[in-house]
Amino acid sequence: MSGPELSKTIPETRERLQAVRNAGKSIGFVPTMGALHYGHARLIEAARSENDFVAVSIFVNPLQFGPNEDYSRYPRALAADIDLCRSRGADLVFTPSVDDMYPEKQLTFAEVGKVGDNLCGAFRPGHFRGVVTVVLKLLNIVQPDRAYFGEKDIQQLALIRRMARDLALPVRIAGVPTVREPDGLALSSRNRYLSPAERTAATVLYRALLRSRDLAQAGEAGASVIKKEALRVLESEPLGKVQYFDLVDENMQPVDRVTPGIRAAVAVWFGSTRLIDNMELVRIDKDSQ
Ligand code: PAF
């Protein structure tokens with residue numbers, strides 16, 4: 001099978017995608033930071049199934065890392081990433097350098113509102129500003145019909161959806177369900193940092209989320225009751241240090257009561273690795289809407 005076209009610069013990418021649009025083809029776009037895993041494969045497959053042409057970007061975005069975060073050690077695996085893109089039928093892989101994306105000091109940013117205040121936003125100042133700025137820039141370069149993001153990063157997805165609505169971006173933002181290991185751990189590029197003992201312990205996020213969902217589905221509607229029980233599960237794991245556990249609505253605002261669509265969201269440190277996960281507690285019945 002021949003591989004995807006590779007494109008390194010913004011002008012080259014724009015020119016290629018303009019030709020795709022001129023040919024009347026729809027474009028699906030999967031922005032990534034590389035170190036691709038099966039979760040990304042599912043994003044590419046979703047894009048493949050709904051569009052004529054699929055573009056993937058691989059760019060570790062310095063704007064979204066804080067000064068003491070893992071930008072320099074973030075895993076880079078370009079050859080394996082291109083193989084995965086090929087195996088899922090991507091047509092183009094865009095791999096800009098930092099100098100291509102930020103040729104001069106960036107002065108213009110997309111500001112995030114309250115959707116970015118809680119959960120990860122409360123602990124990673126500037127992170128979501130960096131995320132939405134690079135996503136807006138990538139969307140401007142690629143100009144896709146549809147762009148695909150994982151539900152594992154639920155706050156990021158909520159912010160990007162909100163940005164697309166607030167700024168009337170001509171793109172449909174699609175959320176793709178979280179992919180899990182057989183024992184429930186959500187796939188993440190950062191899982192590879194975990195020691196064997198931490199990897200075993202890391203299933204506690206999933207266990208706490210499942211316990212919360214079970215309680216909610218058994219009729220418990222009080223957020224404080226569910227939080228207390230989830231924290232009990234999380235704190236039973238000595239290798240983990242809980243950063244947050246909360247129940248939030250679609251704008252990532254904390255709630256007191258569980259209603260359909262509410263999600264539990266959690267972040268836990270294992271040594272120097274921070275893992276996040278989330279789960280919808282009671283499904284929105286789409287048929288009754
Ligand atoms: O989810 C990610 O990998 C990144 O935050 C994204 C959306 C590619 C922006 O850099």
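When a ligand or atom number is given, it counts from 1 through the structure's own listing order. Nothing fancy with the numbering, it's 1 onward along the sequence.
When each atom of ligand 1 is checked for a heavy atom of V134 under 4.0 Å away, the hits are 9 (C), 10 (O).
If you run salt bridge (Lys or Arg N to Asp or Glu O under 4.0 Å) between D70 and each of R192, R190, R274, only R190 comes through.
Salt bridge absent: R21 and D52 never bring a charged side-chain N and a carboxylate O closer than 4.0 Å. Ion pairing between a basic and an acidic side chain is recognised when a charged N comes within 4.0 Å of a carboxylate O; D83 and R86 show such pairing.
Annotation: Q156 places an N or O atom under 3.5 Å from an N or O atom of ligand 1; distance criterion only.
Using cut-offs of 30° and 60° on the angle between ring planes, the pair Y244 and F123 is parallel.
Within the 4.0 Å heavy-atom criterion, neither part of L138 lies near ligand 1.
With hydrogens left out, the protein atom closest to atom 10 (O) of ligand 1 is Q64 OE1, 2.6 Å, a heavy atom.
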